[in-house]
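Just so it is clear: chains get the letters A, B, ... in the order the sequence lines come, proteins before strands, and each one is counted from 1.
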Protein chains: 2
Amino acid sequence: MVSQRNPKAPADGSADPTGPSRADWEKPAPGNRSEQAAEQIAALAAGREPGGRLGTKEELRTLCGVSVGTFNETLRLLQARGVVTVRPGPGGGLFAATPSPMVRLGNSVLALDSQQTDVADAVRVRDALDPLLVQDALWHGSPADFAELRKHLAAMARAVDSDDPVAFVHANWGLHARIAAISPNTLLRSLYESLLELIESHTLSVLPSGERPLAEYIRERYELHAALVDALDARDKDAALRLVAAHNTAAERNV
Amino acid sequence: MVSQRNPKAPADGSADPTGPSRADWEKPAPGNRSEQAAEQIAALAAGREPGGRLGTKEELRTLCGVSVGTFNETLRLLQARGVVTVRPGPGGGLFAATPSPMVRLGNSVLALDSQQTDVADAVRVRDALDPLLVQDALWHGSPADFAELRKHLAAMARAVDSDDPVAFVHANWGLHARIAAISPNTLLRSLYESLLELIESHTLSVLPSGERPLAEYIRERYELHAALVDALDARDKDAALRLVAAHNTAAERNV
DNA sequence: CTACTCAATTCACCATGATGATTATGAGCA
DNA sequence: TGCTCATAATCATCATGGTGAATTGAGTAG
């Protein structure tokens with residue numbers, strides 16, 4: 001089903017007007033034919049000005065060496081990625097498009113593999129974003145929001161009392177996610193939430209080593225978070241930012 | 001060509017096992033049939049556990065009321081988005097998948113509209129990431145890298161001398177992009193580059209207002225950037241971080 | 001010169017039939 | 001009990017033919 005049944009493989013450099021020197025050809029080939037064709041067309045589009053005509057569907061389809069249906073799949077992928085636009089009529093066909101910066105970011109993030117993204121890198125970025133969220137929570141947080149934060153703190157306290165680090169980690173993230181939810185900055189929230197999830201998917205397998213007793217560690221982390229919520233509730237900006245900095249400079253700071 | 005020629009529109013609630021109460025149905029319908037079907041299947045997948053079986057292609061295709069080819073397009077989109085996996089054989093068909101955090105981030109960023117994303121929000125996030133890039137440049141930057149930075153500085157100086165703010169803005173971003181390129185943190189780089197582009201696409205239309213003379217402003221910005229490059233070259237971490245903080249707290253800080 | 005009509009081009013979507021590959025399951029055998 | 005093999009289910013891709021919609025440009029009328 002994932003067979004490579006293409007005797008006319010488009011690896012033939014003569015079929016590719018952009019030449020075999022493109023770094024794109026050095027990437028591992030995608031798993032199916034429509035994705036392969038999509039990469040080829042994307043390479044063509046990259047070499048044209050935005051709005052530049054690439055050709056008719058039929059011309060490009062034969063260039064890619066796939067069937068009509070498969071090429072239609074390819075087109076759907078490219079349209080969704082903002083790489084091409086398609087018009088009917090005389091002079092119609094496929095035209096190179098420039099994805100908006102946001103579409104480009106989305107596509108480049110999609111191209112990253114979360115198994116290869118170093119969790120330490122993700123933690124660094126998340127840490128850098130924490131002060132922004134704290135500032136937003138100070139300005140946009142309502143008493144109802146802070147009451148919600150205290151529910152997550154209570155869950156963290158229960159995990160500390162029952163010496164359950166996994167529950168502590170979950171409650172800790174619930175707290176951070178809820179702080180993030182206060183921010184009206186959609187971009188910031190999207191980034192932060194996904195970073196949390198990425199870090200969570202790694203951290204349960206790398207809970208803090210025996211450098212310090214685990215129970216002592218999570219109690220300290222709990223107390224730090226409790227002080228942070230207190231500072232937010234009191235709208236104490238200096239304390240909140242100092243605490244979030246302390247949160248992010250502790251030796252083991254995944255939680 | 002973008003006709004709605006579906007007399008059996010799947011807006012019929014009885015054909016949707018998740019009911020018409022889903023918020024997804026309140027979204028504007030995507031532009032083509034394969035995307036519409038993709039939304040339907042995504043809604044189904046969202047209501048299942050990861051790995052839960054949705055049905056055979058044929059069952060789901062008739063549920064969506066599209067042709068075989070169109071449904072194949074739908075599948076390609078959903079697979080690319082990590083929403084479903086597909087298996088042949090007895091008990092095969094479509095299965096709900098949970099996209100990895102990175103795929104989720106990519107998809108959520110794609111769903112953001114850069115026209116609606118407040119550039120101030122993007123600037124805030126970019127500013128938060130600047131110190132990370134400076135730290136990476138201090139540790140990973142080579143003399144060749146710093147020579148490249150000076151080329152961009154020279155371009156900025158030329159723009160200052162010829163009183164050309166647009167050229168200054170371009171050269172300034174060239175500098176920042178080159179600093180970002182030093183970082184080995186792929187995630188950080190992707191985020192930063194796209195944020196730069198997003199900000200750039202807005203800033204040329206909002207160059208600093210007449211609060212201060214423009215020539216004086218860009219000269220000050222140039223000097224700040226020159227001092228930053230000097231600090232990087234000298235591997236002076238304190239100065240570099242102080243300068244980037246000053247960079248990010250100036251009254252007009254898009255450049 | 002402007003507006004409308006028409007023809008040609010091109011696309012979106014539909015339908016049908018086919019081959020070959022992959023997967024899961026169950027039967028048979030050691 | 002474990003392994004092998006055959007079968008059925010299911011998918012990926014291919015090919016072909018069709019209708020209707022959208023777009024562009026040329027020609028014509030006012």
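Atom CG in A:Leu94 sits roughly 15 Å away from atom C1' in D:dT23 (whole-Å rounding). Distance B:Glu73 CD to D:dC11 C1': 17 Å, rounded to the nearest Å. When the C1' atom of D:dC14 is taken as reference, atom CZ of A:Phe71 falls 16 Å away, rounded to whole Å.
Of all nucleotides listed (C:dC13, C:dA12, D:dT13), D:dT13 comes nearest to the side chain of A:Arg33. Taking every side-chain heavy atom of A:Val86 into account, C:dA12 is the closest of D:dA12, D:dC14, C:dA12. Closest contact between the side chain of A:Asn32 and the listed nucleotides D:dT13, C:dC13, D:dC11 involves D:dT13.
A:Ser67 is linked by a side-chain contact (heavy atoms from CB on, under 4.5 Å) to A:Thr70, counting only residues two or more places apart in sequence or in another chain. Scored by the salt bridge (Lys or Arg N to Asp or Glu O under 4.0 Å) test, B:Asp136 finds A:Arg124 as partners (sequence neighbours excluded). Under the salt bridge (Lys or Arg N to Asp or Glu O under 4.0 Å) criterion, A:Glu148 pairs with A:Lys151, A:Arg178, sequence neighbours left out. Under the side-chain contact (heavy atoms from CB on, under 4.5 Å) criterion, A:Ala97 pairs with A:Thr85, not counting sequence neighbours.
Residue-level contact check: A:Asn72 touches neither bases nor backbone, having no heavy atom under 4.0 Å from any strand.
Residue pairs meeting the salt bridge (charged side-chain N to carboxylate O under 4.0 Å, His left out) criterion with at least one member in residues 164-177 of chain B, sequence neighbours excluded, do not occur. For residues 51-63 of chain A, the set of pairs meeting the salt bridge (charged side-chain N to carboxylate O under 4.0 Å, His left out) definition, not counting sequence neighbours, comprises A:Glu58-A:Arg61. Under the salt bridge (charged side-chain N to carboxylate O under 4.0 Å, His left out) criterion, the residue pairs touching residues 182-197 of chain B are A:Arg104-B:Glu197, with sequence neighbours excluded.
With 3.5 Å as the limit, one finds a donor-acceptor pair spanning the side chains of A:Ser34 and A:Asn32.
DNA chain C lies under 4.0 Å from at least one heavy atom of each of the following residues of residues 53-61 of chain A: A:Thr56, A:Lys57. Looking at residues 77-85 of chain A, you'll see that no heavy atom sits under 4.0 Å from any atom of DNA chain D.
Note on B:Arg87: a side-chain N or O is less than 4.0 Å away from OP1 or OP2 of C:dA24.
Here the shortest heavy-atom pairing between B:Leu198 and B:Ala122 reads CD2-CB, 3.8 Å. The two atoms that bring B:Ala80 and A:Glu35 nearest to each other are CB-OE2, 4.0 Å, heavy atoms only.
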Each nucleotide N or O in nucleotides 5-9 of chain C that has a protein N or O under 3.5 Å away: list the pair and distance.
from, atom 1, to, atom 2, distance (Å)
C:dT9, O2, A:Gly89, N, 3.4

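Between atom CG of residue A:Leu44 and atom CG of residue A:Leu63 there is a gap of 6.0 Å, rounded to the nearest 0.5 Å.
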